[in-house]
2 protein chains.
Amino acid sequence: MTITEVSKKYDITQDTLRYYERIGLIPAVNRTKGGMRNYTEESCGWIELAKCMRSAGIPIEALIEYCALTQQGDGTITARKELLVEERTKLVEKMEDMKKTLDKLNYKIDIYEKAEVTGVLSWKK
Amino acid sequence: MTITEVSKKYDITQDTLRYYERIGLIPAVNRTKGGMRNYTEESCGWIELAKCMRSAGIPIEALIEYCALTQQGDGTITARKELLVEERTKLVEKMEDMKKTLDKLNYKIDIYEKAEVTGVLSWKK
DNA sequence: GTTTGACTTAGAGTTCACTCCAGATGCTAA
DNA sequence: TTAGCATCTGGAGTGAACTCTAAGTCAAAC
């Protein structure tokens, strides 16, 4: 697959695809004789993973390390697991923060909706 | 309350507290004769809100607008509600992305844990 | 009264994660 | 074979959200 195709498939700009590869967030992509990128199924798997992880805010640094460990072979399985466990912990914390914020937003929206009818803002605390 | 006290209470640096006030993310804080900040209960309420919203990634721009609308009085109730509804929508989407990522992390961690015992990585897809 | 440490401001610097640009090279269609 | 578009690289630029610095002011302790 060409970079244009991959870019469309995953809705990631070509610049970002090249950037991810340059910084080692995904392994080096295959090239044609001319030097053009030729994405394999495996490359696409990495891109999908990168997209998923980044959409949840997993830091690039962690993903670079994960990618490096993976390329070092089976000796790094425990290290990879530990890295992912650490990121999972942070993710769960973030989700908890967001849940609290969601509750607060729901509460405020509710009060504003009532005020639209009654004309009175009645905050509890 | 002094800036040091507020900083400790909410675990936000003094620099960030001043920054939030300067950009209008919270309303102007009371001052002593000498020009030092003297935070009231109300100021603290705003800081708590700012901390909560920011911890969930609600953009500063939106919070500045919310703060400005609030200071314009009851005529902005609908606008404020709409702003919060919009941010809630984005927040829910982000939480869904994070849930997907969490599932993926759990899956991968599980495979790595099994591999630590069996020595074999067995990915489904 | 003076020293010491907290606080003030304006503005510059930092970090993260892209995003854009320039100039060169590759590929395809007429 | 040549026009024209895609892709390449290295490096500079951007935007968001802080974070730090410098130079000065305030306030409590001695």
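Below, read A as the first sequence line, B as the second, and so on, with proteins coming before strands; counting in each chain starts at 1.
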Return the CD to OG1 distance between Gln14(A) and Thr2(A), rounded to the nearest 0.5 Å.
7.5 Å
Gap between atoms OH and C1', on Tyr19(A) and dT19(C) respectively (whole Å)
10 Å
Exercise: identify the closest heavy-atom pair between Ala62(B) and Glu87(B)
CB-OE2, 3.5 Å
Look at the side chain of Met36(B) and decide which nucleotide, out of dT19(D), dT8(C), dA17(D), has an atom nearest to it.
dT8(C)
note: Leu17(B), atom CG; dC18(D), atom P; distance rounded to Å ~ 11 Å
Mapping Gln14(A) and Arg22(A) to their closest nucleotides on DNA chain D, which lands nearer the 5' end?
Gln14(A)
Rounded to whole angstroms, how far apart are NZ on Lys51(B) and P on dC18(D)?
12 Å
Quickly work out the Ile60(A) CD1 to dT15(C) C1' distance and round it to whole Å.
12 Å
So, does Arg18(A) get its side chain near the phosphate of dC20(C), meaning an N or O under 4.0 Å from OP1 or OP2?
no
To the nearest Å, how far apart are Met1(A) CE and dA6(D) P?
17 Å
Any idea which of dC7(C), dT19(C), dT7(D) is nearest the Thr2(B) side chain?
dC7(C)
Please tell me which of the listed nucleotides, dT19(C), dT8(C), dT19(D), lies nearest to the side chain of Asp15(B)?
dT19(D)
Give me the one residue out of Leu17(B), Asp11(B), Asp15(B) that meets side-chain contact (heavy atoms from CB on, under 4.5 Å) with Thr13(B).
Asp15(B)
Note: for Arg37(A) and Tyr20(B) on DNA chain D, the residue whose nearest nucleotide lies more 5' is Arg37(A)
Using whole Å, what does the distance between atom P of nucleotide dT19(C) and atom CD1 of Ile12(A) come to?
11 Å
To the side chain of Thr32(B), which of dT7(D), dA17(D), dA27(D) is closest?
dA27(D)
When you measure from the side-chain N and O atoms of Arg31(A) to the phosphate of dG26(C), is any distance below 4.0 Å, counting only OP1 and OP2?
no
Length of the line joining Glu5(B):CD and dA6(C):P, which is rounded to integer Å:
13 Å
Salt bridge check: are Asp103(B) and Lys100(B) linked by an N-O gap of less than 4.0 Å?
no
Quick note, Thr4(A) side chain, CB onward, closest among dA6(C), dA6(D), dA17(C) is dA6(D)
Ile3(A) CD1 to dC5(D) C1': how many Å, rounded?
15 Å
Looking only at the side chains, is there a donor atom on one of Ser43(A) and Thr40(A) sitting less than 3.5 Å from an acceptor on the other?
yes
